[in-house]
Amino acid sequence: MATLLRRFIIEMLRVGLTGSIGVGKSFVAGVLAELGSHVLDADITAREVVAPGSPGLLATAAAFGNDIIREDGTLDRERLGAIVFTDADKRQSLNAILHPYIIAQQDLVMQKWEQSDPNGIAVVDAALMIESGGYKRFDKLIVVYCDPEVQIERLMHRNSFSREAAEQRIKAQMSQEEKKRFADYLIDTTEGFAAARQYAQEVFAKLRRLQSPS
(Lines give C-alpha, C1' and ligand atoms only; values in the text may rest on other atoms or scores of the structure.)
Protein backbone atom coordinates (compact mmCIF):
# COMPACT_ATOMS: atom_id res chain seq x y z
CA MET A 1 0.00 0.00 0.00
CA ALA A 2 1.65 3.23 1.07
CA THR A 3 5.35 3.10 0.32
CA LEU A 4 8.03 2.41 2.90
CA LEU A 5 9.56 5.75 1.98
CA ARG A 6 6.39 7.54 3.12
CA ARG A 7 6.59 5.73 6.46
CA PHE A 8 10.09 7.09 7.00
CA ILE A 9 8.95 10.63 6.24
CA ILE A 10 5.55 10.58 7.98
CA GLU A 11 5.26 8.86 11.33
CA MET A 12 1.49 8.70 11.77
CA LEU A 13 0.09 5.31 10.79
CA ARG A 14 -2.73 5.75 8.28
CA VAL A 15 -5.43 3.10 8.34
CA GLY A 16 -8.45 2.66 6.09
CA LEU A 17 -11.65 1.21 7.55
CA THR A 18 -14.35 -0.06 5.23
CA GLY A 19 -17.19 -2.51 4.92
CA SER A 20 -20.56 -2.94 3.28
CA ILE A 21 -23.82 -1.39 4.46
CA GLY A 22 -25.20 -2.85 7.67
CA VAL A 23 -22.10 -4.73 8.80
CA GLY A 24 -21.31 -2.60 11.87
CA LYS A 25 -18.46 -0.51 10.47
CA SER A 26 -19.49 2.57 12.46
CA PHE A 27 -19.46 0.57 15.69
CA VAL A 28 -15.91 -0.60 14.98
CA ALA A 29 -14.89 2.98 14.19
CA GLY A 30 -16.26 4.03 17.57
CA VAL A 31 -14.26 1.35 19.37
CA LEU A 32 -11.05 2.39 17.60
CA ALA A 33 -11.72 5.99 18.62
CA GLU A 34 -12.26 4.92 22.25
CA LEU A 35 -8.91 3.14 22.15
CA GLY A 36 -7.13 6.33 21.08
CA SER A 37 -7.21 6.37 17.29
CA HIS A 38 -7.99 9.57 15.42
CA VAL A 39 -11.09 8.63 13.42
CA LEU A 40 -12.59 10.50 10.48
CA ASP A 41 -16.00 9.57 9.08
CA ALA A 42 -15.88 9.98 5.30
CA ASP A 43 -19.60 10.74 5.28
CA ILE A 44 -18.85 13.96 7.15
CA THR A 45 -16.18 14.86 4.62
CA ALA A 46 -18.58 14.05 1.78
CA ARG A 47 -21.10 16.52 3.21
CA GLU A 48 -18.45 19.20 3.63
CA VAL A 49 -17.32 19.06 0.00
CA VAL A 50 -20.85 19.73 -1.29
CA ALA A 51 -21.57 22.65 1.04
CA PRO A 52 -23.45 25.57 -0.55
CA GLY A 53 -21.31 27.31 -3.15
CA SER A 54 -18.49 24.77 -2.92
CA PRO A 55 -16.60 23.58 -6.02
CA GLY A 56 -17.83 20.05 -5.33
CA LEU A 57 -21.48 21.09 -5.35
CA LEU A 58 -21.07 23.20 -8.49
CA ALA A 59 -19.34 20.33 -10.30
CA THR A 60 -22.12 17.94 -9.25
CA ALA A 61 -24.81 20.34 -10.48
CA ALA A 62 -22.99 20.73 -13.79
CA ALA A 63 -23.16 16.98 -14.27
CA PHE A 64 -26.64 16.22 -12.94
CA GLY A 65 -28.55 19.47 -13.34
CA ASN A 66 -29.29 22.50 -11.19
CA ASP A 67 -32.46 20.82 -9.90
CA ILE A 68 -30.31 18.99 -7.35
CA ILE A 69 -29.68 22.31 -5.58
CA ARG A 70 -32.45 23.57 -3.30
CA GLU A 71 -33.54 27.18 -3.17
CA ASP A 72 -31.43 27.71 -0.04
CA GLY A 73 -28.31 26.57 -1.93
CA THR A 74 -27.96 23.18 -0.25
CA LEU A 75 -27.74 19.84 -2.03
CA ASP A 76 -31.03 18.00 -2.45
CA ARG A 77 -29.71 14.59 -1.47
CA GLU A 78 -32.98 12.78 -2.07
CA ARG A 79 -33.24 14.11 -5.61
CA LEU A 80 -29.61 13.25 -6.37
CA GLY A 81 -30.02 9.83 -4.80
CA ALA A 82 -33.03 9.11 -7.00
CA ILE A 83 -30.91 9.90 -10.05
CA VAL A 84 -27.90 7.74 -9.20
CA PHE A 85 -29.23 4.91 -7.03
CA THR A 86 -30.40 2.61 -9.81
CA ASP A 87 -27.87 3.71 -12.43
CA ALA A 88 -24.37 2.33 -11.94
CA ASP A 89 -22.86 4.61 -14.59
CA LYS A 90 -24.26 7.71 -12.94
CA ARG A 91 -23.08 6.54 -9.51
CA GLN A 92 -19.63 6.08 -10.97
CA SER A 93 -19.74 9.55 -12.49
CA LEU A 94 -20.78 11.08 -9.16
CA ASN A 95 -17.99 9.27 -7.34
CA ALA A 96 -15.45 10.40 -9.95
CA ILE A 97 -16.53 14.01 -9.41
CA LEU A 98 -16.54 14.04 -5.62
CA HIS A 99 -13.77 11.64 -4.58
CA PRO A 100 -10.88 14.01 -5.44
CA TYR A 101 -12.45 16.67 -3.22
CA ILE A 102 -13.11 14.16 -0.45
CA ILE A 103 -9.58 12.75 -0.56
CA ALA A 104 -8.03 16.23 -0.47
CA GLN A 105 -10.13 17.14 2.57
CA GLN A 106 -9.25 13.89 4.34
CA ASP A 107 -5.54 14.45 3.69
CA LEU A 108 -5.80 17.94 5.16
CA VAL A 109 -7.38 16.58 8.34
CA MET A 110 -4.75 13.86 8.69
CA GLN A 111 -1.95 16.37 8.22
CA LYS A 112 -3.36 18.39 11.12
CA TRP A 113 -3.58 15.27 13.29
CA GLU A 114 -0.03 14.40 12.42
CA GLN A 115 1.26 17.77 13.54
CA SER A 116 -0.20 17.28 17.01
CA ASP A 117 0.27 13.49 17.33
CA PRO A 118 2.96 12.27 14.91
CA ASN A 119 3.11 8.82 16.50
CA GLY A 120 -0.64 8.32 16.50
CA ILE A 121 -2.98 6.19 14.41
CA ALA A 122 -5.29 7.86 11.88
CA VAL A 123 -8.36 5.91 10.76
CA VAL A 124 -10.57 6.98 7.86
CA ASP A 125 -13.97 5.26 7.84
CA ALA A 126 -15.29 5.10 4.26
CA ALA A 127 -17.78 2.74 2.64
CA LEU A 128 -16.42 3.13 -0.91
CA MET A 129 -12.73 3.13 -0.09
CA ILE A 130 -11.96 0.07 -2.19
CA GLU A 131 -14.23 0.97 -5.08
CA SER A 132 -12.68 4.44 -5.38
CA GLY A 133 -9.11 3.16 -5.08
CA GLY A 134 -8.66 5.38 -2.03
CA TYR A 135 -7.46 2.43 0.07
CA LYS A 136 -4.11 2.61 -1.71
CA ARG A 137 -3.28 5.79 0.25
CA PHE A 138 -3.22 3.89 3.54
CA ASP A 139 -0.64 1.77 5.31
CA LYS A 140 -3.21 -0.83 6.37
CA LEU A 141 -6.81 -1.65 5.52
CA ILE A 142 -9.44 -3.03 7.92
CA VAL A 143 -12.53 -4.63 6.39
CA VAL A 144 -15.57 -5.15 8.62
CA TYR A 145 -17.98 -7.90 7.60
CA CYS A 146 -20.73 -10.16 8.87
CA ASP A 147 -22.87 -13.10 7.79
CA PRO A 148 -25.02 -12.04 4.78
CA GLU A 149 -28.27 -13.04 6.48
CA VAL A 150 -27.33 -11.00 9.55
CA GLN A 151 -26.58 -8.07 7.26
CA ILE A 152 -30.04 -8.26 5.69
CA GLU A 153 -31.75 -8.54 9.09
CA ARG A 154 -29.85 -5.52 10.42
CA LEU A 155 -30.86 -3.38 7.45
CA MET A 156 -34.48 -4.44 7.75
CA HIS A 157 -34.51 -3.55 11.44
CA ARG A 158 -32.39 -0.37 11.33
CA ASN A 159 -33.83 1.20 8.19
CA SER A 160 -37.32 -0.35 8.22
CA PHE A 161 -36.56 -1.87 4.82
CA SER A 162 -38.43 -4.74 3.28
CA ARG A 163 -36.26 -7.75 2.58
CA GLU A 164 -36.33 -6.87 -1.12
CA ALA A 165 -35.21 -3.29 -0.45
CA ALA A 166 -32.41 -4.48 1.84
CA GLU A 167 -31.17 -6.94 -0.76
CA GLN A 168 -31.30 -4.25 -3.43
CA ARG A 169 -29.14 -1.90 -1.35
CA ILE A 170 -26.63 -4.67 -0.70
CA LYS A 171 -26.43 -5.67 -4.37
CA ALA A 172 -25.70 -2.06 -5.34
CA GLN A 173 -22.35 -2.35 -3.52
CA MET A 174 -19.25 -4.45 -3.98
CA SER A 175 -19.79 -7.85 -2.35
CA GLN A 176 -18.42 -8.55 1.10
CA GLU A 177 -16.32 -11.42 -0.21
CA GLU A 178 -14.68 -9.16 -2.78
CA LYS A 179 -13.91 -6.50 -0.17
CA LYS A 180 -12.35 -9.06 2.16
CA ARG A 181 -9.74 -9.86 -0.49
CA PHE A 182 -8.21 -6.40 -0.01
CA ALA A 183 -7.99 -6.53 3.78
CA ASP A 184 -4.92 -6.53 5.98
CA TYR A 185 -7.22 -7.11 8.95
CA LEU A 186 -10.74 -8.55 9.11
CA ILE A 187 -13.30 -7.85 11.84
CA ASP A 188 -16.37 -10.12 11.94
CA THR A 189 -19.41 -8.57 13.65
CA THR A 190 -21.76 -11.52 13.13
CA GLU A 191 -21.73 -12.52 16.79
CA GLY A 192 -22.72 -9.09 18.06
CA PHE A 193 -21.19 -6.04 19.70
CA ALA A 194 -19.24 -7.76 22.49
CA ALA A 195 -17.34 -10.04 20.13
CA ALA A 196 -16.85 -7.24 17.60
CA ARG A 197 -15.37 -5.03 20.32
CA GLN A 198 -12.89 -7.75 21.23
CA TYR A 199 -11.84 -8.23 17.60
CA ALA A 200 -11.43 -4.47 17.19
CA GLN A 201 -9.27 -4.32 20.31
CA GLU A 202 -7.07 -7.10 18.94
CA VAL A 203 -6.63 -5.28 15.63
CA PHE A 204 -5.85 -2.02 17.43
CA ALA A 205 -3.16 -3.78 19.48
CA LYS A 206 -1.56 -5.01 16.24
CA LEU A 207 -1.66 -1.51 14.76
CA ARG A 208 -0.10 -0.06 17.90
CA ARG A 209 2.72 -2.60 17.71
CA LEU A 210 3.34 -1.58 14.11
CA GLN A 211 3.45 2.07 15.10
CA SER A 212 5.54 1.62 18.23
CA PRO A 213 7.60 -1.56 17.84
CA SER A 214 9.45 -2.56 20.98
Side-chain angles (χ1 to χ4, degrees), residues 1-21 23-33 35-51 54-57 59-60 84 88 91-145 173-187 199-200 203-213:
M1 292 190 181
T3 65
L4 289 176
L5 178 60
R6 194 197 69 76
R7 292 290 298 123
F8 281 119
I9 298 173
I10 300 177
E11 294 299 327
M12 176 168 269
L13 187 69
R14 298 188 177 194
V15 180
L17 174 67
T18 194
S20 300
I21 186 172
V23 300
K25 177 171 58 65
S26 296
F27 173 78
V28 171
V31 174
L32 294 174
L35 294 170
S37 300
H38 301 271
V39 177
L40 176 62
D41 184 345
D43 287 342
I44 295 175
T45 311
R47 288 193 289 271
E48 292 174 347
V49 302
V50 289
S54 66
L57 180 59
T60 303
V84 304
R91 283 201 309 274
Q92 186 175 1
S93 296
L94 178 63
N95 291 335
I97 291 168
L98 293 181
H99 278 147
Y101 295 106
I102 293 170
I103 288 172
Q105 181 66 15
Q106 289 173 356
D107 286 345
L108 181 61
V109 171
M110 287 191 287
Q111 288 168 12
K112 291 179 179 178
W113 286 344
E114 194 165 55
Q115 291 173 2
S116 62
D117 185 16
N119 294 315
I121 297 173
V123 178
V124 174
D125 169 6
L128 298 178
M129 183 172 291
I130 295 172
E131 293 89 331
S132 69
Y135 74 97
K136 298 174 184 177
R137 301 154 49 228
F138 296 92
D139 300 299
K140 295 296 178 181
L141 179 65
I142 301 170
V143 172
V144 182
Y145 72 100
Q173 297 185 336
M174 179 184 289
S175 72
Q176 292 198 72
E177 290 303 312
E178 181 69 13
K179 289 190 175 187
K180 286 161 67 174
R181 292 173 52 192
F182 291 83
D184 295 295
Y185 305 104
L186 292 168
I187 295 180
Y199 297 146
V203 169
F204 177 80
K206 293 176 181 178
L207 295 173
R208 178 50 67 192
R209 285 196 293 271
L210 283 177
Q211 184 62 358
S212 304

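Throughout, numbering of the chain's residues begins at 1 and tracks the sequence.
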Listed partners of A127 passing side-chain contact (heavy atoms from CB on, under 4.5 Å), at least two apart = K25
Give me the one residue out of I142, V123, L35, D139 that meets side chain to side chain contact (heavy atoms under 4.5 Å, CB included) with L207.
-> I142
Looking only at non-hydrogen atoms, find the nearest pair between P118 and Q211 and report the distance.
-> O-NE2, 3.8 Å
Carefully, step by step, assess F204 and I121 under the rule side chain to side chain contact (heavy atoms under 4.5 Å, CB included).
-> CA-CA 9 Å; F204 177 80; I121 297 173; 3.9 Å; yes
Results of ring pair (Phe, Tyr, Trp, His ring centres under 6.0 Å) for H99 - residues two or more places apart only = none
4.5 Å side-chain heavy-atom contact, V15 and V124 | no
Does the side chain to side chain contact (heavy atoms under 4.5 Å, CB included) test come out yes or no for Y145 and L186, once each step is laid out?
-> CA-CA 7 Å; Y145 72 100; L186 292 168; 3.8 Å; yes
Interatomic distance, L57 atom CG to Y101 atom OH [nearest 0.5 angstrom] = 10.5 Å
Check side-chain contact (heavy atoms from CB on, under 4.5 Å) between E178 and all other residues, then give those that pass, not counting sequence neighbours.
-> M174, S175, R181, F182
Answer yes or no: is there a donor N or O on one side and an acceptor on the other, between the side chain of S37 and the main chain of V39, under 3.5 Å?
-> no
Before giving the answer on side chain to side chain contact (heavy atoms under 4.5 Å, CB included), spell out for V109 and H38 the whole-Å C-alpha distance, their side-chain angles and the decisive distance to 0.1 Å.
-> CA-CA 10 Å; V109 171; H38 301 271; over 6 Å; no
Going through the checks in order, is the side chain to side chain contact (heavy atoms under 4.5 Å, CB included) test met by T18 and V144?
-> CA-CA 6 Å; T18 194; V144 182; over 6 Å; no
State which residues pass side chain to side chain donor-acceptor pair (under 3.5 Å) with D43; sequence neighbours excluded, sorted by chain then number.
-> none
If you measure from CE on M12 to CD on Q115, what distance do you get to the nearest 0.5 Å?
-> 10.5 Å
Non-neighbouring partners of K180 that pass salt bridge (charged side-chain N to carboxylate O under 4.0 Å, His left out), sequence neighbours left out = E177
Mind checking side chain to side chain donor-acceptor pair (under 3.5 Å) for Q106 and listing every partner two or more places apart, or none if nothing turns up?
-> R137
Out of curiosity, E131 CD to M129 CE, how far, rounded to the nearest 0.5 Å?
-> 10.0 Å
Mind checking side-chain contact (heavy atoms from CB on, under 4.5 Å) for I44 and listing every partner two or more places apart, or none if nothing turns up?
-> D41, R47, E48
Heavy-atom pair of closest approach, residues V31 and A200 = CG1-CB, 3.8 Å
Check for a donor-acceptor pair, side chain of D117 on one end and backbone N or O of W113 on the other, with a separation under 3.5 Å.
-> no
List for me each residue that meets side-chain contact (heavy atoms from CB on, under 4.5 Å) alongside L94, sequence neighbours excluded, and say none if there are none.
-> T60, F64, L80, V84, L98
From I102 atom CD1 to S132 atom OG, the distance as rounded to the nearest 0.5 Å | 8.5 Å
Heavy-atom donor-acceptor pair, Q173 side chain to I21 backbone, under 3.5 Å | yes
Spatial distance of atom OH (Y135) from atom CG (D184) [nearest 0.5 Å] = 10.5 Å
Roughly how far, to the nearest 0.5 Å, is OG1 of T45 from CG of L40?
-> 4.0 Å
What are the two closest heavy atoms between L141 and L17, and how far apart are they?
-> CD1-N, 4.3 Å
